[in-house]
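Here the structure is laid out as structure tokens; the discussion comes afterwards.
The model shown is predicted, which means the values in this text are computed figures rather than measured ones. Hydrogens, waters and symmetry mates are skipped; everything else that's a heavy atom, side chains included, is used.
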Amino acid sequence: MGFEEQCFNVNLSILFTELPLLERPAAAAAAGFTAVELWWPWIDSPAPGRSELDALGKAIEDAGVRLAGLNFYAGRLPGPDRGALSIPGTESDRFRANVDVAADFAGSLGCTALNALYGNRVDGVDPAEQDALALENLVLAARAAHRIGAILLIEALNRPESPRYPLVSASAAVGVVDRVNEASGLANAKFLMDLYHLSMNGEDLPSVIERYASATGHVQIADVPGRGAPGTGALPLEELLGRLRKAGYDGWTGLEYKPGDRPSSEAFEWLPRAAR
């Protein structure tokens with residue numbers, strides 16, 4: 001079972017970033033892809049103006065691609081932040097202000113997966129206080145996702161690159177998924193299995209797939225080391241994605257890798273065009 005058996009989409013917040021945001025959906029379509037995903041594009045604004053939202057929605061629709069995944073507001077990403085929802089004060093308020101904005105935008109484009117990054121630990125704040133705030137905000141996000149028929153994704157990152165992020169294992173992220181589902185009663189929270197982050201954490205990926213495929217709502221990939229395209233590192237990504245399929249996962253796999261020192265349009269030679 002090879003790459004041609006998968007459903008791939010392109011993350012436009014890490015690929016095609018040499019182009020203005022509104023040109024990226026068409027570039028992904030020109031490269032042969034039918035779906036894209038995005039981090040929250042307006043890093044300083046949880047609630048941008050209607051004209052900005054409409055312009056991006058039109059660019060996606062005009063390109064003829066589907067929006068397969070969208071992050072809620074997560075602070076400065078890329079940058080030092082790793083989410084906002086567990087950070088008391090202004091960042092939590094920004095996350096809450098974004099919840100319905102992001103859900104409405106996703107719903108208008110038929111997007112059915114919303115990713116809520118947990119946020120870093122904060123000096124001087126009790127981790128238990130952050131976790132309680134996180135659960136409260138994740139339940140709000142789960143309800144907003146449910147309203148548009150979407151799932152809520154909880155992602156594990158990696159400790160070397162995100163040392164202050166508390167969810168740096170599959171089991172930690174799935175534990176949050178379970179708590180959100182119990183608190184919301186909606187059962188729409190799922191694990192975002194990013195094979196790059198999990199590998200960077202030293203996890204046994206076949207074991208993670210076996211244990212958590214059924215809890216997984218979305219998958220993302222990049223090779224290790226370097227976070228480049230498949231084939232630039234040592235991860236057996238074709239085999240791992242095949243394992244996921246055999247374990248019952250039939251959703252999207254987001255391409256969330258760096259193109260390297262070349263145009264993004266040249267960073268897909270590993271994937272036959274017919275499989276995009």
Side-chain angles (χ1 to χ4, degrees), residues 1-11 14-15 33-39 65-71 106 110-118 142 145-146 148-158 167-181 186-224 227 229-231 233 235-257 268 270-272 274-276:
M1 192 177 292
F3 285 138
E4 67 276 2
E5 302 295 323
Q6 315 299 325
C7 300
F8 292 105
N9 69 74
V10 179
N11 189 307
I14 194 168
L15 285 155
F33 292 94
T34 61
V36 299
E37 62 182 48
L38 282 161
W39 303 339
V65 293
R66 174 181 171 180
L67 184 63
L70 177 68
N71 282 19
C111 174
T112 56
L114 289 161
N115 183 27
L117 285 170
Y118 200 83
H146 178 73
I148 65 163
I151 59 173
L152 173 69
L153 296 169
I154 310 294
E155 182 175 8
L157 301 183
N158 75 78
L167 308 184
V168 288
S169 69
S171 61
V174 173
V176 173
V177 167
D178 291 342
R179 289 192 287 278
V180 173
N181 284 334
L186 296 172
N188 69 333
K190 299 281 188 179
F191 177 41
L192 196 168
M193 184 185 291
D194 186 310
L195 296 177
Y196 167 76
H197 289 307
L198 298 175
S199 175
M200 288 285 288
N201 284 326
E203 296 215 41
D204 179 338
L205 296 183
S207 175
V208 167
I209 289 166
E210 182 180 347
R211 292 174 65 193
Y212 298 125
S214 62
T216 298
H218 190 62
V219 172
Q220 291 174 333
I221 62 169
D223 215 332
V224 175
R227 201 172 185 173
L235 268 190
L237 286 165
E238 192 164 14
E239 175 199 333
L240 292 167
L241 293 178
R243 283 178 180 264
L244 265 163
R245 285 283 162 176
K246 289 175 183 173
Y249 178 74
D250 61 358
W252 292 100
T253 294
L255 304 180
E256 200 184 49
Y257 59 78
F268 306 109
W270 59 275
L271 183 62
R276 298 179 190 176

Practice problem: Sort out for me which residue in Leu237, Ile221, Val219, Leu241 forms a side-chain contact (heavy atoms from CB on, under 4.5 Å) with Gln6. | Solution: Leu241
Self-check item: Full working for side chain to side chain contact (heavy atoms under 4.5 Å, CB included) between Leu205 and Arg243
Solution: CA-CA 10 Å; Leu205 296 183; Arg243 283 178 180 264; over 6 Å; no
Quiz item: Looking only at heavy atoms, what is the nearest atom pair of Ala145 and Asn188, with distance?
Solution: CB-ND2, 3.8 Å
Practice problem: Show the numbers, then the answer: is there a side chain to side chain donor-acceptor pair (under 3.5 Å) between Asn115 and Asn71? | Solution: CA-CA 4 Å; Asn115 183 27; Asn71 282 19; 3.2 Å; yes
Quiz item: Shortest non-hydrogen contact from Cys111 to Ala150?
Solution: O-CB, 4.1 Å
Exercise. Apply the side-chain contact (heavy atoms from CB on, under 4.5 Å) test between Ile14 and each candidate in Glu37, Glu256, Gln220; give the one that qualifies.
Key: Glu256
Quiz item: Are the side chain of Arg276 and the backbone of Leu271 linked by a donor-acceptor contact shorter than 3.5 Å?
Solution: yes
Quiz item: Does the side chain of Leu117 reach to within under 4.5 Å of the side chain of Glu155, using non-hydrogen atoms?
Solution: yes
Quiz item: For Asn201, does its backbone N or O pair with a side-chain atom of Asn158 as donor and acceptor, under 3.5 Å?
Solution: no
Quiz item: Are any non-hydrogen side-chain atoms of Lys246 and Ile209 less than 4.5 angstrom apart?
Solution: no
Self-check item: Evaluation steps, side chain to side chain contact (heavy atoms under 4.5 Å, CB included), between Val174 and Asp178
Solution: CA-CA 6 Å; Val174 173; Asp178 291 342; 4.1 Å; yes
Quiz item: Which heavy atom of Thr34 sits nearest a heavy atom of Trp252, and at what distance?
Solution: OG1-CH2, 4.1 Å
Quiz item: Can you check whether Tyr212's main-chain N or O pairs, donor with acceptor, with Thr216's side chain at less than 3.5 Å?
Solution: yes
Self-check item: Which atom of Leu152 lies closest to which atom of Ala116, heavy atoms considered
Solution: CD1-CB, 3.8 Å
Exercise. For residues Tyr257 and Leu15, determine if any side-chain heavy atom of one lies less than 4.5 Å from a side-chain heavy atom of the other.
Key: yes
Quiz item: What pair of heavy atoms forms the shortest contact from Asp223 to Ala229, and how long is it?
Solution: CB-O, 3.4 Å
Quiz item: Can you list the steps and then say if Arg66 with Thr112 is a side chain to side chain contact (heavy atoms under 4.5 Å, CB included)?
Solution: CA-CA 10 Å; Arg66 174 181 171 180; Thr112 56; 3.3 Å; yes
Quiz item: Out of curiosity, Arg227 CZ to Met200 CE, how far, rounded to the nearest 0.5 Å?
Solution: 9.5 Å
Quiz prompt | Gap between atom NE2 of His197 and atom CG of Leu167 - 0.5 Å precision | solution = 11.5 Å
Quiz item: CG of Leu114 to CG of Leu153: how many Å apart, nearest 0.5 Å?
Solution: 7.5 Å
Exercise. Determine the minimum heavy-atom distance between Leu70 and Ala106, stating which atoms define it.
Key: CD2-CB, 4.2 Å
Exercise. Decide yes or no on side chain to side chain donor-acceptor pair (under 3.5 Å) for Trp270 and Glu238, but give the supporting numbers first.
Key: CA-CA 10 Å; Trp270 59 275; Glu238 192 164 14; over 6 Å; no
Quiz item: Are Val36 and Asn11 close enough, and set up right, to give a side chain to side chain contact (heavy atoms under 4.5 Å, CB included), and what steps lead you there?
Solution: CA-CA 6 Å; Val36 299; Asn11 189 307; over 6 Å; no
Quiz item: Hey, does the side chain of Asp194 reach the backbone of Ala156 with a donor-acceptor pair shorter than 3.5 angstrom?
Solution: no
